[in-house]
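Worksheet: the structure to be examined is printed underneath.
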Protein chains: 2
Amino acid sequence: MDLRRLRYFVAVAEARSVGKAAERLRMAQPPLSVQIRKLEAEVGAPLFRRGTRGMDLTEAGQALLARAGEALALAADGVEAARAVAAGRRGRISIGYMFALANAVLPRLIPELRRSIPGIELHFAELSASTREARLLDRNVTVALCMPAINHPEIQVARVGAQPLMLAMPIRSPLSRLGAVPMAKLHGRPLIALPRPEQDPASSAVTALLRRHQVVMPIASRVETVHSAMSLVLAGEGLAILPACAKLGAPQGIVFRPLRDATDSIDVAVCWRRDSHSPLIRTFLKCAEKVVAPM
Amino acid sequence: MDLRRLRYFVAVAEARSVGKAAERLRMAQPPLSVQIRKLEAEVGAPLFRRGTRGMDLTEAGQALLARAGEALALAADGVEAARAVAAGRRGRISIGYMFALANAVLPRLIPELRRSIPGIELHFAELSASTREARLLDRNVTVALCMPAINHPEIQVARVGAQPLMLAMPIRSPLSRLGAVPMAKLHGRPLIALPRPEQDPASSAVTALLRRHQVVMPIASRVETVHSAMSLVLAGEGLAILPACAKLGAPQGIVFRPLRDATDSIDVAVCWRRDSHSPLIRTFLKCAEKVVAPM
DNA sequence: TCAGCCCATATATTTTCGGTATGCCAATGG
DNA sequence: CCATTGGCATACCGAAAATATATGGGCTGA
């Protein structure tokens with residue numbers, strides 16, 4: 001079965017005439033006539049009744065017409081859909097994000113994405129510091145919203161914003177009465193730490209901050225997520241130095257205070273596999289920049 | 001869009017390899033490779049990711065594949081449907097029947113048709129003596145179950161059975177006490193008559209019967225259908241000579257008696273346009289013969 | 001590093017498609 | 001009754017596209 005023949009067939013059926021259909025198809029009448037006869041030979045039954053004033057569908061022709069139109073539409077739609085996906089006007093994107101960013105970013109990011117790509121299908125996956133690389137490399141997620149950025153040769157990174165580091169403490173802590181906490185006050189206090197970056201443990205923003213101010217904080221516990229960190233802080237296990245946006249997911253009883261003399265921040269980045277060429281990534285990046293930058 | 005390209009595309013997508021797909025399509029690998037690239041050029045986007053171990057669909061390719069399979073199936077189904085219609089294995093038939101036959105024939109004919117052609121779509125139309133020809137000639141109905149047969153050069157007729165003529169009378173008529181009514185007893189009694197055949201008024205079975213027995217019955221009324229005839233009989237307007245099957249639709253208070261010495265019958269025929277070549281007509285004819293003959 | 005696998009490219013051959021010219025049939029009109 | 005017209009079918013030719021064969025080139029794994 002050739003789709004062209006079906007197209008011709010539909011044209012002739014609609015025009016009820018070979019000549020008229022040929023005109024509309026911008027071709028000569030004889031080859032069209034030949035194609036119709038070939039189609040009939042292929043089906044094995046006449047599809048038209050030839051009258052002296054044109055052609056008329058037989059029952060068999062009607063049965064074919066009913067499907068042929070749909071098949072043509074589907075094929076055309078398939079090509080169009082492929083183009084739309086390739087151009088990023090449509091598609092599916094699987095978005096990984098780290099817990100800390102969920103409350104701060106997603107509520108604004110999702111409407112922004114839907115505005116940019118109305119037909120988009122969104123999938124979400126929560127990432128933790130320890131799983132995020134693997135899920136990107138496995139193509140489990142298309143893009144990841146990370147904090148801090150991933151450092152890996154296969155992964156491309158685009159910084160879209162930054163979050164200042166703040167001190168999280170229980171509201172009953174005496175430090176909470178200060179508007180901004182001097183770094184020196186932290187010396188010796190127990191710290192709830194997040195995982196250090198696998199590749200480059202020395203690069204942790206918190207580690208760097210403490211080292212620079214020559215402050216030493218013993219690590220009371222190491223946890224996977226900011227939520228766990230805040231829980232332990234609330235339990236009096238220690239203090240935590242967290243990105244400001246974690247405040248949005250903080251339980252009652254936790255307060256955040258800026259650190260005096262420290263403008264350190266931690267990068268928020270969009271990460272994806274270098275070999276992912278989905279045009280949706282670019283669109284996603286634009287949306288993420290718009291949403292994250294002003295934070 | 002060429003359906004062949006889509007077929008190739010589906011094959012390669014399923015085999016995840018040009019070589020394997022070429023083997024399954026029984027063609028060489030290079031032309032298949034070329035066709036896939038042409039399809040990609042036509043869509044304007046890569047549909048596969050070329051790896052060292054074969055080909056893998058891109059997102060755009062997945063979008064196309066979802067439609068392409070369906071389009072192929074539809075096109076194939078269309079051809080198959082056309083073949084089935086042409087071969088009479090499927091289709092739509094519009095059946096006209098005369099009132100008198102409805103109760104006697106349809107309840108057995110319909111299941112028989114469904115047995116013969118499971119997927120058949122049936123349309124029914126009631127015919128009267130005055131409309132039956134026009135509705136056949138207008139292709140308003142495909143076949144007509146008539147009694148008696150139509151006589152018209154454009155219409156083909158096949159006799160499928162016959163109905164003996166019987167006398168219909170009110171139960172309170174004195175004649176109803178006889179088991180079979182001698183023809184002579186009818187002489188002079190008023191007759192409720194049906195329309196005489198347009199083409200050949202002399203050929204009416206009832207007229208012929210009366211003439212042969214030299215019985216004269218004045219025509220009390222002329223009616224269109226056997227139902228009307230029976231109503232008038234019940235009203236005491238006269239007697240009617242009707243095909244036996246009319247008994248099945250008779251109201252309470254009407255009795256049918258055979259006519260002694262008269263084995264006259266009226267033909268039941270299937271009629272259709274000579275230029276209708278639907279193979280369903282033949283099937284219908286077979287069913288009608290099977291159902292009507294034993295009556 | 002060499003063989004094997006797999007896809008891409010090049011060239012030749014065959015198939016098929018579309019165009020032009022023309023024939024055939026039926027209906028219409030003088 | 002014949003000529004004209006409208007419409008489809010057939011014949012033949014040139015062009016385009018598909019397929020086959022031969023070959024190149026990259027990655028992989030022994």
Side-chain angles (χ1 to χ4, degrees), chain A residues 1-58 60-61 65 68 72 75 79 153-154 273-275 277, chain B residues 1-58 60-61 68 72 75 79 153-154 274-275 277:
Chain A
M1 260 315 308
D2 184 351
L3 208 50
R4 183 179 6 145
R5 293 233 176 93
L6 282 187
R7 205 187 315 283
Y8 289 173
F9 165 73
V10 171
V12 173
E14 283 177 355
R16 305 167 64 89
S17 146
V18 180
K20 299 272 193 346
E23 198 173 329
R24 200 163 16 139
L25 293 167
R26 291 155 201 255
M27 65 187 288
Q29 170 265 320
L32 185 54
S33 183
V34 169
Q35 291 303 320
I36 295 297
R37 296 200 87 79
K38 281 192 182 170
L39 180 59
E40 290 181 316
E42 185 176 343
V43 171
L47 300 170
F48 291 97
R49 251 185 289 278
R50 272 80 169 165
T52 174
R53 285 285 160 213
M55 318 261 285
D56 216 357
L57 281 174
T58 62
L65 180 62
L72 286 173
V79 173
E154 284 291 308
R273 278 182 67 114
R274 269 184 207 288
D275 62 2
H277 294 302
Chain B
M1 260 315 307
D2 185 350
L3 209 51
R4 182 178 3 143
R5 292 231 177 96
L6 282 188
R7 203 187 316 283
Y8 290 173
F9 165 71
V10 171
V12 173
E14 284 177 354
R16 304 166 64 90
S17 146
V18 180
K20 299 272 192 349
E23 199 173 329
R24 214 171 34 176
L25 293 167
R26 302 178 191 228
M27 65 187 290
Q29 170 265 320
L32 184 54
S33 183
V34 170
Q35 290 304 318
I36 295 298
R37 296 200 86 80
K38 282 193 180 169
L39 180 59
E40 290 181 315
E42 186 175 343
V43 170
L47 300 170
F48 291 98
R49 251 185 289 278
R50 272 80 169 166
T52 175
R53 283 285 162 215
M55 318 263 284
D56 216 357
L57 281 174
T58 61
L72 285 173
V79 172
E154 285 290 308
R274 267 184 208 288
D275 62 2
H277 294 302

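In what follows, chains are A, B, ... by sequence order, proteins preceding strands, each numbered from 1.
Counting to the nearest Å, the P atom of dC17(C) and the CD atom of Glu42(A) are 10 Å from each other. Put simply, CG on Leu32(A) is 14 Å from P on dT20(C), counting in whole angstrom units.
For residues 9-24 of chain B, the salt bridge (charged side-chain N to carboxylate O under 4.0 Å, His left out) pairs, not counting sequence neighbours, are Glu14(B)-Arg24(B), Arg16(B)-Asp56(B).
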Seminar exercise, completed: In B/S/- notation (B base, S sugar-phosphate only, - none; protein heavy atoms under 4.0 Å), nucleotides 7-18 of chain D written 5' to 3' is SBBB-------S
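Remark: Arg7(A) engages no residue in a salt bridge (Lys or Arg N to Asp or Glu O under 4.0 Å) (not counting sequence neighbours).
Residues Ala75(B) and Leu3(B) approach most closely at CB-CD2, 3.7 Å, considering heavy atoms. Across Leu57(B) and Phe48(B), no two heavy atoms sit closer than the pair CD2-CE2, 3.6 Å.
Interatomic distance, Leu47(A) CG to Phe9(A) CZ, rounded to the nearest 0.5 Å: 5.0 Å.
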